[in-house]
2 protein chains.
Amino acid sequence: MDGSPVNSSGSTKERILGAAELLFAQRGFEGASLRQLTAAAGVNLAAVNYHFGSKDKLVEEVFRRRLDALNESRLVALAKVAGAPGTTLEDVLEAYIRPALELSHDNSGALFMRVLARAFAEHDDSLRQFLSTNYGHVMRQFTAEFARLLPQLSKPELYWRIDLVTGALTHAMSGFGMIQRKSDVSEHAHREQTVQHLVRFAVAGLSHP
Amino acid sequence: MDGSPVNSSGSTKERILGAAELLFAQRGFEGASLRQLTAAAGVNLAAVNYHFGSKDKLVEEVFRRRLDALNESRLVALAKVAGAPGTTLEDVLEAYIRPALELSHDNSGALFMRVLARAFAEHDDSLRQFLSTNYGHVMRQFTAEFARLLPQLSKPELYWRIDLVTGALTHAMSGFGMIQRKSDVSEHAHREQTVQHLVRFAVAGLSHP
DNA sequence: CGTATGCTCAAACGATCGTTTGAACCGGCC
DNA sequence: GGCCGGTTCAAACGATCGTTTGAGCATACG
């Protein structure tokens, strides 16, 4: 009753990470067992503890593999517009949204957004602390830029709205990947359209009177 | 290392449901074991299977106990404003938001919103089908009223925005209950302020050009 | 050749999981 | 008293969990 025993190509570590991404998205961190996981990856059961040390470390590595590149892209995009006089709210939000959308372009990236949404909903302390200590500076930089562009909002008010917008975006992007799209729209055009969709929604949620 | 063995008062079934709400919110459906659960409730391990049949049925009952009342309140509030000529988007959104906020006023209700957010993030098929078949008509009625008040939006566009707003609201309300508030604001005034906050955000997200 | 080193393997470890069992207890009713 | 339906109890069931073990295999270097 487990998933198909088909293994992807690549090294043992990469096959484990790929299978973990899929099963964590489908059944959660506690619901996916190492036996299902290694069977799906086509590797031996002991390979997880050999290469990663423990299941918890594997979970961290699943996040690290994607978030290192994702948040780096976000910071690079933010640096191009932050602090400049003509920068708009749209520019900053696009710097936050577009890298995530490009990540969820391929199948495994979209699965990771599901995993991220799960971690967002779970209030697990150890996982939240891992994400906060390793990637907290990213959200801090974006928050500072939001504060600069929305000076009329009090700090509590701004944090409230950022929290709401972040929740909406995380939820929305966790639903990607499984969407059947009309064939007459090119991949690129559709992604561009989705970015504008999310950006406009976020602008409305952040800057409404 | 488990939670304190303090049991709440009430019947065995109610004690189990209360402990389940707490532990499901903290550790998830798979992460919370029946042994932790019954120990926290102060009842025998076999009581769960005796009163509910299985762990899965217990999960369904945790939802049913809260959602029956919550969605009934929402429909009653919606019926008071739906279809009327002077009804605004604010009225409809308030009918959706206020009952949930009143539920999360007490501690156990706030815990349930966490459980609901978890179910929202998990893409578990059986649980989604349970929620859809039992409470799908509620969201369908609200969607119909949104469509009436936002005729300029295409159907896909409307569904997109409702999905984004629902994700934001679910995430926001899952964070309640643990918030320390300044003592100079009354409980009622704070809730009223929060309702207006969420309503205004949702209006902006739904009706932006 | 011998021998390190990095990796994979089947097998087993103890712990914990959801569920079931059968005896014990309880109030109310004949 | 005797009995009975509803409930609680300790104990055990087989299954599955994360992790560890030690032998086996391959490749590289002296």
Side-chain angles (χ1 to χ4, degrees), chain A residues 1-3 5-63 115 118-119 122 124 126-127 130, chain B residues 1-3 5-63 115 118-119 122 124 126-127 130:
Chain A
M1 285 297 167
D2 288 350
V6 182
N7 50 41
S8 308
S9 56
S11 69
T12 298
K13 287 186 71 166
E14 285 168 4
R15 285 215 302 271
I16 292 175
L17 287 171
E21 211 161 45
L22 172 62
L23 286 176
F24 287 163
Q26 288 180 339
R27 317 197 189 199
F29 306 116
E30 310 243 19
S33 73
L34 291 185
R35 284 171 177 81
Q36 299 169 349
L37 205 155
T38 51
V43 303
N44 187 270
L45 168 62
V48 170
N49 284 278
Y50 177 80
H51 285 284
F52 299 96
S54 69
K55 186 182 182 180
D56 286 336
K57 296 291 186 65
L58 169 62
V59 172
E60 291 188 3
E61 203 56 33
V62 166
F63 281 99
V115 177
R118 266 184 188 274
E122 304 191 10
D124 180 84
S126 64
L127 190 55
F130 167 81
Chain B
M1 286 297 166
D2 287 351
V6 182
N7 50 41
S8 309
S9 56
S11 69
T12 297
K13 287 185 71 166
E14 286 168 4
R15 285 215 302 272
I16 291 174
L17 286 171
E21 210 161 44
L22 172 62
L23 286 177
F24 286 164
Q26 288 181 340
R27 318 197 190 201
F29 306 114
E30 311 242 20
S33 73
L34 292 186
R35 283 171 178 81
Q36 299 169 350
L37 205 155
T38 52
V43 304
N44 188 269
L45 168 63
V48 170
N49 284 277
Y50 176 78
H51 285 284
F52 299 96
S54 69
K55 186 181 182 180
D56 286 336
K57 296 293 184 65
L58 169 63
V59 172
E60 291 188 3
E61 203 57 32
V62 167
F63 282 100
V115 178
R118 266 183 187 275
E122 303 192 9
D124 180 83
S126 63
L127 189 55
F130 167 80

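Naming: A, B, ... by sequence-line order, numbering from 1 per chain. In this text the structure is predicted, and so the values were computed from the model without any measurement.
- Rounded to an integer number of Å, the gap from B:Phe29 CZ to C:dG18 P is 14 Å.
- Atom pair A:Lys13:NZ and C:dG6:P shows a separation of 14 Å (rounding to whole Å applied).
- Between A:His51 and C:dT8 there is a side-chain polar atom (N or O) within less than 4.0 angstrom of OP1 or OP2.
- For B:Ser33 and C:dC17, the shortest distance from a side-chain N or O to OP1 or OP2 is below 4.0 Å.
- Judged as a side chain to side chain contact (heavy atoms under 4.5 Å, CB included), and not counting sequence neighbours, the contacts of A:Ser11 are A:Lys13, A:Glu14.
- Atoms CD (B:Glu30) and C1' (D:dG18) sit 15 Å apart, rounded to a whole Å.
- Within residues 54-62 of chain B, no residue places a heavy atom under 4.0 Å from DNA chain D.
- As a whole-Å value, the separation of A:Leu34 CG from D:dG18 P is 4 Å.
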For residues 48-62 of chain B, which side-chain donor-acceptor pairs fall under 3.5 Å, sequence neighbours excluded?
{"from": "B:Ser54", "atom 1": "OG", "to": "B:Lys57", "atom 2": "N", "distance (Å)": "3.3"}
{"from": "B:Lys55", "atom 1": "NZ", "to": "B:Phe29", "atom 2": "O", "distance (Å)": "2.9"}
{"from": "B:Lys55", "atom 1": "NZ", "to": "B:Ala32", "atom 2": "O", "distance (Å)": "2.8"}

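- In this structure, A:Phe52 places its CZ atom 15 Å from P of D:dG18, rounding to the nearest Å.
- Helical stems in DNA chain D, defined as runs of 3 or more consecutive Watson-Crick or G-U wobble pairs with donor-acceptor distances under 3.5 Å: C:1-26 with D:5-30.
- At D:dT7, none of the side-chain N or O atoms of B:Thr12 fall inside 4.0 Å of OP1 or OP2 (strictly under the cut-off).
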Could you list the protein-to-nucleotides 20-23 of chain C atom pairs, N/O on both sides, closer than 3.5 Å?
none

